[in-house]
Amino acid sequence: MPRVESKNCYGCAACSLICPVNAIQMVENAEKFFVIQIDESKCINCGKCLQVCPLKFNHKNQVLTSYAGYSTDGSILKQSSSGGMFGSFAKYLFNSNTNVKVFAVKNDLGKVVYEICTDYRDLEQFYKSKYCQAFLNKAFYERLISAISNEAVCLIIGTPCVLSGIKNTLLAQKAKLTSCIFVDLVCHGVMSQSVYHTHLEECKKRWGGVVTQHYFRYKRAVTKDCPEGSHWNLYKVNNEIIIKKSDDDYYMQTYFADLAMRETCYCCQFTGTNRIGDITIGDFNNAHILCSQFDGLRSVSLVLVNTDKGQRFIDECNNNTVNLQPVDIKLLQKFNTPLTAPIKRPFQRSLFYTFYNSLGLSRTVSLLNYKYYLRKIIVAFGGKKLLLKIKALLGRSYIDIE
Ligand SMILES: Cc1cc2nc3c(=O)[nH]c(=O)nc-3n(C[C@H](O)[C@H](O)[C@H](O)COP(=O)(O)OP(=O)(O)OC[C@H]3O[C@@H](n4cnc5c(N)ncnc54)[C@H](O)[C@@H]3O)c2cc1C
Ligand code: SF4
Ligand code: SF4
Ligand code: SF4
C-alpha cells in the first residue's frame with residue numbers, strides 16, 4: 001500500500017495519530033524541519049497515514065467574499081502583527097460563549113508550538129506571526145478531539161498545510177465540526193526552528209546577554225523618521241529593549257529573501273484562492289496606497305471568507321470586534337505573492353544549509369543575500385519610491401516598504 005513519505009512532509013503530525021500501530025514519530029530531518037519517521041519494524045503497510053496527509057487530501061473551498069480591515073480593540077491591534085483579526089475573532093468567541101478553546105501558536109523563548117488557550121486573559125501569548133515551522137504532535141490532536149467532544153466552541157488557526165492535516169484528521173475521526181471555525185493564514189513559507197535558535201544564540205553573543213523576549217513584527221509608531229509600521233523586531237536582553245528593522249535583522253533577511261524555506265514551501269499547493277479554512281487572514285500590504293479608505297493606516301488585514309459558516313461568523317464579528325469593508329480580491333493579491341503562486345526557489349537555497357552549518361546564520365546571509373545590497377543601492381540613488389516602483393513592476397512585495 002502507498003504510505004506517507006518523509007521527503008514530502010509538512011510536519012502536521014496527523015498521520016502519527018491515525019497510524020493503528022503507533023509506527024510514526026515526529027523527528028527533525030537534516031535541515032532540522034519536523035518530519036515523520038516510520039518505524040519499519042512496526043509498520044503493517046495499511047496506508048491509513050496517507051488518507052489524512054495534506055499531500056493527498058485537501059478539502060479546499062473557493063473564496064466567496066473578500067474584505068480588509070482591522071480590530072476595533074486598540075490593544076489587540078497594537079499587539080498583533082497585522083490588523084488583529086486573530087485576536088478579535090477569539091475575543092468575539094470568548095465574549096459570546098462560556099466553553100471556548102483556541103488552538104494557535106505561541107513562542108516560548110524560541111520554542112514555537114501549537115498550544116491551547118482556554119482563557120481570554122492568556123490570549124496575548126498567542127498574538128503575532130512567528131516566522132518558522134511550529135511544532136505539534138499527537139497530544140495536540142488528542143486535546144483537540146477531546147475539546148470537540150466536550151462541545152467546546154473551537155477556533156483553530158494555522159498555516160494551510162497544517163490546518164489541512166488537522167481538518168483531515170477530524171473528518172477521519174468523525175468529529176462534529178459545526179462548532180469549529182478554521183482559520184488559515186496566507187503563507188509565504190517556514191524556516192526551521194533551528195535557524196531561529198541559531199539566530200537567538202548569535203544575538204546573545206552580539207549583545208552580551210540571553211534574549212529573554214523576542215517579537216517578530218513589533219509595531220512602532222508611524223513617523224517621518226520611522227515609517228515602516230509593523231516590520232520591526234523587538235528583543236529584550238539584560239532588561240534592555242533592542243529594536244531592529246526587519247530589513248536589517250539577519251533572521252528576517254533570510255526569511256524575506258526565501259533563502260532557507262522548507263523545500264515543500266517552494267512548490268506549495270496551498271497558495272491562490274482555493275482555501276483550507278472557513279476564513280483566511282493575511283496582510284493587506286500597501287493598503288494605504290491601494291485603497292483610499294485605509295489612507296494613513298499601516299496595520300490592515302485581508303480577510304477571505306470561504307464557506308457559509310465563515311460568512312456567518314464574519315457577519316457577527318463585523319462592527320463588533322472587527323471593522324471590515326469589502327475589497328476586490330485582485331487588490332488584496334496585488335502585493336501578496338502567496339495569494340497567487342508559491343514563492344520562487346532562489347539558486348542560493350542549494351547552498352544555504354551547507355554554508356549555515358559551518359558559518360552560522362549572520363555570515364551565511366551576508367554572503368548569499370545579494371538582493372539586500374541591491375535594495376540599499378536603489379534606495380540610496382532613487383529613494384524608497386523608486387524601490388516601490390521596481391517592486392510593483394516585478395509584481396512582488398511582501399514587506400510594506402513605504
Ligand atoms: C509563517 C507565516 C508566513 C506568513 N506569510 C504571509 C504572507 O506571505 N502574506 C500575508 O499576507 N500574510 C502572511 N502571514 C500572516 C500574517 O503574518 C499575519 O499572521 C496575519 O495577517 C494575521 O495577523 P493578525 O494581526 O490577525 O494576527 P496575529 O495576532 O498576528 O496572530 C497570528 C496568528 O497566527 C498564528 N501563528 C503565528 N505563527 C505561526 C506559525 N509559525 N505557524 C502557524 N500559525 C502561526 C498564531 O497562533 C496567531 O494566532 C504569515 C504568517 C506566518 C505565521
Ligand atoms: S502504512 Fe499503516 S502502519 Fe504503516 S505507517 Fe502508515 S498508517 Fe502506520
Ligand atoms: S500527514 Fe502530516 S506529518 Fe504525516 S506525512 Fe503527511 S504532512 Fe507529514
Ligand atoms: S508555504 Fe505552503 S507548505 Fe510552506 S508552510 Fe506555508 S502553507 Fe505550508
Side-chain angles (χ1 to χ4, degrees), residues 3-19 24 26 34-36 38 49-57 70-71 76-77 79-90 102-107 112-115 117 123-137 155-166 168-169 183-191 193 196 216-217 219 230 255-256 261-271 276 280-285 299-303 322 332-333 335-339 342-343 398-399:
R3 58 175 200 184
V4 291
E5 280 182 85
S6 157
K7 70 174 175 11
N8 301 322
C9 181
Y10 300 111
C12 76
C15 57
S16 70
L17 183 90
I18 241 67
C19 175
I24 303 178
M26 300 310 294
F34 301 118
V35 293
I36 51 144
I38 299 180
C49 43
L50 206 54
Q51 304 307 313
V52 290
C53 184
L55 195 71
K56 178 124 195 271
F57 286 109
Y70 43 86
S71 175
I76 294 180
L77 191 57
Q79 293 179 80
S80 307
S81 310
S82 178
M85 289 301 117
F86 159 70
S88 306
F89 294 165
V102 176
F103 294 81
V105 169
K106 67 195 249 191
N107 183 1
V112 178
V113 286
Y114 279 86
E115 259 289 354
C117 176
L123 199 66
E124 60 183 60
Q125 298 171 32
F126 292 82
Y127 291 152
K128 290 199 186 296
S129 311
K130 295 95 190 170
Y131 290 110
C132 61
Q133 184 187 25
F135 180 75
L136 81 168
N137 58 12
L155 178 67
I156 308 154
I157 182 165
T159 52
C161 55
V162 168
L163 203 71
S164 173
I166 295 176
N168 289 347
T169 307
V183 178
D184 70 66
L185 297 162
V186 178
C187 182
H188 192 85
V190 287
M191 304 205 299
Q193 283 198 31
Y196 183 36
F216 294 99
R217 299 200 48 185
K219 284 181 182 167
S230 68
Y255 185 82
F256 285 127
M261 299 299 190
R262 191 177 57 206
E263 290 290 3
T264 46
C265 297
Y266 300 109
C267 50
C268 175
Q269 46 171 320
F270 302 94
T271 55
I276 295 294
T280 299
I281 58 173
D283 303 324
F284 185 14
N285 296 317
S299 297
V300 181
S301 284
L302 65 83
V303 175
V322 294
L332 303 175
Q333 287 175 305
F335 288 103
N336 212 329
T337 309
L339 274 180
I343 51 165
Y398 176 49
I399 309 177

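Predicted model only: the values in this text are computed from it and were never measured. Counting starts at 1 for both ligands and their atoms, following the listed order.
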Closest to atom 4 (C) of ligand 1 by heavy-atom distance, out of Val186, Thr271, Leu185, Ile343, is Val186
With distance as the sole test, does Gln133 use its side chain to make a donor-acceptor pair with the main-chain N or O of Val190 at under 3.5 Å? no
Please check whether Met85 reaches ligand 1 - meaning an N/O of the residue sits under 3.5 Å from an N/O of the ligand, judged on distance alone. yes
I'd like to know if the side chain of Tyr266 reaches the main chain of Met261, judged simply by a donor and an acceptor atom lying under 3.5 Å from each other, with no hydrogens or angles considered. yes
Just to be sure I'm reading this right: ignoring hydrogens, which of Leu77, Val303, Leu123, Thr159 gets closest to atom 42 (N) of ligand 1? Compare them by their nearest heavy atoms. Thr159
Does ligand 3 have any atom sitting under 4.0 Å from a heavy atom of Ile36? yes
In terms of residue, atom name and distance, what is the protein heavy atom nearest to atom 6 (Fe) of ligand 4? Cys187 SG, 2.4 Å
Any N/O/S atom from Cys161 (main chain or side chain) under 2.8 Å of atom 6 (Fe) of ligand 4? no
Taking only non-hydrogen atoms of Phe126 and a 4.0 Å limit, the atoms of ligand 1 in range are 46 (C), 47 (O), 48 (C), 49 (O)
Looking at Asn336 and Asp283, would you say the former's side chain and the latter's main chain have a donor-acceptor pair under 3.5 Å? yes
Out of Ser6, Cys49, Ser164, Cys9, whose heavy atom is nearest to atom 8 (Fe) of ligand 3? Cys9
Is it the case that ligand 1 has an N or O less than 3.5 angstrom from some N or O of Cys132? yes
Where is the tightest heavy-atom contact between Ser71 and Gly84, given as atom of each residue plus distance? CB-O, 3.9 Å
Compute the shortest N/O to N/O distance between Phe86 and ligand 1 and return yes if it is under 3.5 Å, no if not. yes
Are the side chains of Leu77 and Ser299 in contact, using a 4.5 Å heavy-atom criterion? yes
So which heavy atom in the protein is nearest atom 5 (S) of ligand 3, and how far is it from that ligand atom? Val4 CB, 3.5 Å
Any N, O or S atom of Cys53 closer than 2.8 Å to atom 8 (Fe) of ligand 3: no
Just go through Met261, Lys130, Gln125, His188 and tell me whose heavy atom is the nearest to atom 40 (C) of ligand 1. Lys130
Under 4.0 Å to a heavy atom of Ile281 - the qualifying atoms of ligand 1, by number: 22 (C), 26 (O)
Looking at Tyr127, which atoms of ligand 1 are within less than 4.0 Å of one of its heavy atoms? 29 (O)
Contact check: Ser129 vs ligand 1, nitrogen or oxygen atoms, below 3.5 angstrom: yes
Is Arg217 in contact with ligand 1, taking contact as a heavy-atom separation below 4.0 Å? yes
Heavy atom of Phe135, distance to ligand 1 below 4.0 Å: no
For atom 2 (Fe) of ligand 3, the closest protein heavy atom turns out to be Cys12 SG, 2.4 Å
Find all atoms of ligand 1 within a distance of less than 4.0 Å from any non-hydrogen atom belonging to Tyr114, and give their numbers and elements. 42 (N), 43 (C)
Could you tell me if any non-hydrogen atom of Gly87 lies under 4.0 Å from any atom of ligand 1? no
How does Ala13 reach ligand 3, if at all, at less than 4.0 Å between non-hydrogen atoms: by side chain, backbone, both, or neither? backbone
Would Val112 count as a polar contact of ligand 1, with the cut-off being nitrogen or oxygen pairs under 3.5 Å? no
Answer whether the closest heavy-atom distance between the side chains of Val52 and Leu17 falls below 4.5 Å. no
Between Lys128 and Glu124, is there a donor-acceptor pair closer than 3.5 Å when you use the side chain of the first and the backbone of the second? no
Nearest non-hydrogen partners of His188 and Tyr255, listed with the distance: CB-OH, 3.4 Å
Distance-only N or O hit between ligand 1 and Gly189, under 3.5 Å: no
Ignoring hydrogens, what is the shortest heavy-atom contact between Tyr127 and Gly87? Give both atom names and the distance. CE2-CA, 3.6 Å
Test item, Gly165 contacting ligand 3 (heavy atom, 4.0 angstrom): no
With a 4.0 Å cut-off on heavy atoms, is Phe284 in contact with ligand 1? no
Starting from atom 4 (Fe) of ligand 3, find the nearest protein heavy-atom neighbour and note its residue, name and distance. Cys15 SG, 2.2 Å
Least distance between heavy atoms, Phe135 atom then Met26 atom: CE1-CB, 4.2 Å
Is there side-chain contact between Ile18 and Asn168, with heavy atoms separated by less than 4.5 Å? no
Which one of Glu263, Arg262, Gln133 has a non-hydrogen atom at the shortest distance from atom 3 (S) of ligand 4? Arg262
With a 4.5 Å limit on heavy-atom distance, are the side chains of Cys187 and Pro160 in contact? yes
Specify the protein heavy atom at minimum distance from atom 7 (S) of ligand 3: its residue, its atom name, and the distance to 0.1 Å. Tyr10 N, 3.2 Å
Can you find an N/O atom of Gln133 closer than 3.5 Å to an N/O atom of ligand 1? no
Where does Val105 meet ligand 1, judged by heavy-atom distances below 4.0 Å: at the side chain, the backbone, both, or neither? both
Between Cys12 and Gly165, the two heavy atoms sitting closest are SG-CA, 3.8 Å
Report yes or no: does Lys106 contribute a side-chain atom to a donor-acceptor pair with the main-chain N or O of Cys117 at less than 3.5 Å? no
Kindly confirm or rule out an N or O of Asn336 lying under 3.5 angstrom from an N or O of ligand 1. yes
Within a distance under 4.0 Å of any heavy atom of Ala104, pick out the atoms of ligand 1 and give their elements. 47 (O), 49 (O)
Taking atom OG of Ser82 and atom CD1 of Ile281, what is their separation to the nearest 0.5 Å? 7.5 Å
Atom 32 (C) of ligand 1: which of Lys128, Gln193, Glu124, Glu115 has the nearest heavy atom? Lys128
So, the side chain of Ser81 versus the backbone of Ser129: is there a donor-acceptor pair under 3.5 Å, distance only? yes
Looking only at heavy atoms, what is the nearest atom pair of Gly11 and Leu136, with distance? O-CD2, 3.3 Å
